[in-house]
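In what follows, a single structure is set out as structure tokens and then discussed.
Scope of the values below: all heavy atoms of this structure, side chains included, with no hydrogens, waters or symmetry mates.
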Number of protein chains: 2
Amino acid sequence: MDRVIYLDHSATTPVAPEVLEAMAPYHREHYGNASSLHVYGRKARSAMEESRGAIAERLGVRAEEIVFTSGATEANNLALVGAAYSSAERRHLVTTAIEHHAVLHTARWLEKLGYSVTFVSPDSSGRVDPQAIGEAVQDDTFLVSVMAGNNELGTTQPIEEIGGLCRERGVLFHTDAVQAFGKVPLAMDSVDLLSASAHKLHGPKGVGLLFVRSGVRLTPLFHGGGHEGGRRSGTENVPGIVGLAKATKISFSEQDESAPRLRALRERLIEGVTRVPGSRLNGHRENSLPHIANFSFEAIEGESLVLKLDEEGIAVSTGSACSSPDLEPSHVLVAIGVPPAMVHGSLRVSTGRETTSEDIERFLEILPRAVESLRAYSPFRVGESDVH
Amino acid sequence: MDRVIYLDHSATTPVAPEVLEAMAPYHREHYGNASSLHVYGRKARSAMEESRGAIAERLGVRAEEIVFTSGATEANNLALVGAAYSSAERRHLVTTAIEHHAVLHTARWLEKLGYSVTFVSPDSSGRVDPQAIGEAVQDDTFLVSVMAGNNELGTTQPIEEIGGLCRERGVLFHTDAVQAFGKVPLAMDSVDLLSASAHKLHGPKGVGLLFVRSGVRLTPLFHGGGHEGGRRSGTENVPGIVGLAKATKISFSEQDESAPRLRALRERLIEGVTRVPGSRLNGHRENSLPHIANFSFEAIEGESLVLKLDEEGIAVSTGSACSSPDLEPSHVLVAIGVPPAMVHGSLRVSTGRETTSEDIERFLEILPRAVESLRAYSPFRVGESDVH
């Protein structure tokens, strides 16, 4: 598999060697349960608390505001359900139509429990208008949840403005920062709750975090030993937490250099891909995370294109990995109004630390041929629909 | 730390070298998201499904009946809350007074949501009478949850009888098998739901499983991408899952040899420790897991004893690691009626794969002196209370 060009960093990333190295002593040497009183337990606890402190420092928040979870799906569920269960008579949630399923489906679940939800629609680039959020907020709104950067499009949201508006209205504000964390600066002062995941930033799978601003009341999802200050029970995944901290440190320290580099690769990608006849960029060209670009192609299926490119040694996706098995069109592309003829023909290209400009050139060489060969078998013809 | 004798395997265990080796390729080589369509994703998915199959085979169940979780706390919460939310008009739960907090506190949480719970008391050895469970079951009971082996005492429960009785009455039966899994045979035919955790059996932290019998309806705790057959959303922790499978294979294959070996160590422990004046064994001498023994000592605090032994190079605990930070007496020892004068002076000794008889002899040499030296500072005197 060493000659495959991996352009699916939004789905997951390889664990960095430095991260594996940092984790190594906690598997067999300092393997204690962080709640144990003896030396093994104390070693484990101090590694965990150092990790918490290091992450908090990078974020400019307090250590006790970091709650470790099993990943971002748990963090998002904890934010929404935990806030709902602690919200007393407030029973209304505001979110957007283009959230990750971990937020969207949790919001739908809250609807089943009797809460009401307003799903604010973005514009055609995937941007959400803060004013639309403001208009959606009601007297009984307990939470606004708007992702920092979209996982399919890359489009970023005006988190500071939305956060400011929430604070004015006395409503909690959560952001799913899974894709933005470690890639772009985060407006921590503007948020009350923020979710992140280690495996998106060259950390291990199975660990993530929820930032919970001091004073925010959250009902836990897991009941038990009362770990994480009573907010998340369960034996702490110390090696995973150490790995998350190391991955955070590396990503935050390289951000100033990596963001412009990835942005340049993205520009080259956009320029190259949109030369393919019957193609379009989905999402915002400028207001975007540096590492994600989403395209649509007329008259082909995204899944077929992913498999065709896979044969050619390129790993990409149609959109969110999490919904790959279902063949529904992406809710994100539908929400931004991608024309029906192109909504099934989407491709997400996401770059990362080890992506080179040679990788991008190689991709741009292979892609047009792949699109063309698939179109040869398509019952549809390019140019038959209005695609822009 | 290499000369410390680790006798706290019920809290956690070192990861086995073979387990780390099995996990290694999935960090940086086959690191794909198991939901991705490309070769990285397919490699990850096939490793995950092979792991699921291997575990199912050891348990004699179907692969699709295994749901991977972040650990046993999540598995226990999913079992109880998931069954409650799927139970329609049935609103009653039966469990015992000596469950792990991950079950007990979840049951208390369900009470807050309006469910009613019967907590069945065990006898003085920690055994639960199946008849008492039968009497507690009501027409609207949706679930009975009784642990396979107690995490503080080691005492095992008559799972087959309780399971048979539940089936007769048409009630789901869950068992928390965290301590029993890989240590003693499990009566899989008798249970509908079973929780286990990797880090108790020389697997990695942050991964566990819930066995869910085909046909059992469970509302998920996490909403999102619909992973694990819609029962547990979230990017799958492939390295962790591979590690859990490897740890399971090793533990199950060594069980026939390790159980009698650990039982012999336990017998020697009981014989040696109960020679200390003012001591007693808590729990059942025969109906017990092979690796856990719990003792009480008059006129001392368990925490002081743990710290004293820690100074002497021995790692043990007072009971559950998960409740170490609080100084409440163990709910398990209270439930089995340990006399007030001894309930604070408890010690749990739990052996494992690398424990030798030399370790036990060394412990038995150090323990009496440690107890004696603490008693020298105690305001209480041995023999002042009725302890047996």
Side-chain angles (χ1 to χ4, degrees), chain A residues 1 4 6 8 11-15 17 20 27-29 31-33 35-41 43 70-71 73-74 76-77 100-102 105-106 108-109 199 204-207 221-225 227 233-240 303 306-307 310 315-317 320-325, chain B residues 1 4 6 8 11-15 17 20 27-29 31-33 35-41 43 70-71 73-74 76-77 100-102 105-106 108-109 199 204-207 221-225 227 233-240 303 306-307 310 315-317 320-325:
Chain A
M1 280 174 51
V4 176
Y6 186 77
D8 199 14
T12 195
T13 56
V15 183
L20 283 178
H27 297 303
R28 287 188 49 73
E29 192 184 347
Y31 59 81
N33 186 314
S35 298
S36 293
L37 295 174
H38 49 64
V39 61
Y40 287 92
K43 278 263 182 190
S70 67
T73 290
E74 181 187 335
N76 284 333
N77 275 260
H100 187 277
H101 282 157
H105 290 176
T106 306
R108 295 272 180 222
W109 160 245
H199 77 96
K205 291 180 177 64
V207 62
L221 275 185
F222 296 176
H223 304 273
H227 307 76
S233 289
T235 297
E236 299 93 339
N237 176 2
V238 176
E303 285 78 15
V306 165
L307 293 172
D310 180 57
V316 285
S317 65
S320 169
C322 301
S323 34
S324 293
Chain B
M1 281 174 51
V4 176
Y6 187 77
D8 199 13
T12 195
T13 56
V15 183
L20 284 178
H27 296 302
R28 286 188 49 73
E29 192 184 346
Y31 59 81
N33 186 314
S35 299
S36 293
L37 296 174
H38 49 64
V39 60
Y40 288 93
K43 278 262 183 191
S70 66
T73 290
E74 182 187 332
N76 284 333
N77 275 259
H100 187 275
H101 282 156
H105 290 176
T106 305
R108 294 273 181 223
W109 160 247
H199 77 95
K205 292 181 176 65
V207 61
L221 274 187
F222 296 175
H223 305 272
H227 307 76
S233 288
T235 298
E236 300 93 340
N237 176 2
V238 176
E303 284 78 13
V306 165
L307 293 172
D310 180 56
V316 286
S317 65
S320 170
C322 300
S323 34
S324 292

Q. Hey, mind stepping through A/Tyr40 and B/Val4 against side-chain contact (heavy atoms from CB on, under 4.5 Å) and telling me if it holds?
A. CA-CA 9 Å; A/Tyr40 287 92; B/Val4 176; 3.4 Å; yes

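Without hydrogens or angle criteria, B/Arg28 side chain to A/Pro14 main chain gives no donor-acceptor distance under 3.5 Å. Here the side chain of B/His105 pairs a donor or acceptor atom with the backbone of A/Gly224 at under 3.5 angstrom.
At a 4.5 Å heavy-atom cutoff, the contact between B/Asn237 and chain A is made by backbone and side-chain atoms alike. In this structure, chain A has a heavy atom under 4.5 Å from the side chain of B/Leu307, while its backbone stays farther away. Looking at B/Val207, neither its backbone nor its side chain comes within 4.5 Å of chain A, counting heavy atoms on both sides. Residue B/Pro204: no heavy atom, backbone or side chain, is found under 4.5 Å from chain A.
Not less than 6.0 angstrom separates the ring centroid of B/Tyr31 from the ring centroid of A/His199.
The candidate from A/Thr12, A/Val15, A/Thr13 with the greatest count of non-hydrogen atom pairs under 4.5 Å with chain B is A/Val15. The greatest number of non-hydrogen atom pairs below 4.5 Å with chain B, out of A/Ser233, A/Gly71, A/Gly240, is found for A/Ser233.
Relative orientation of the B/Tyr6 and A/His38 rings is perpendicular, given thresholds of 30° and 60° on the angle between their planes.
Between A/Glu303 and B/Leu37, the closest heavy-atom pair is CG-CD1, 3.9 Å. For B/Phe222 against A/Leu221, the heavy-atom pair with the smallest separation is CE2-CD1, 3.9 Å. For the residue pair A/Lys205 and B/Glu236, the shortest heavy atom distance occurs at CD-O, 3.5 Å. The two residues A/Asp8 and B/Ser36 make their nearest non-hydrogen contact at OD2-OG, 3.4 Å.
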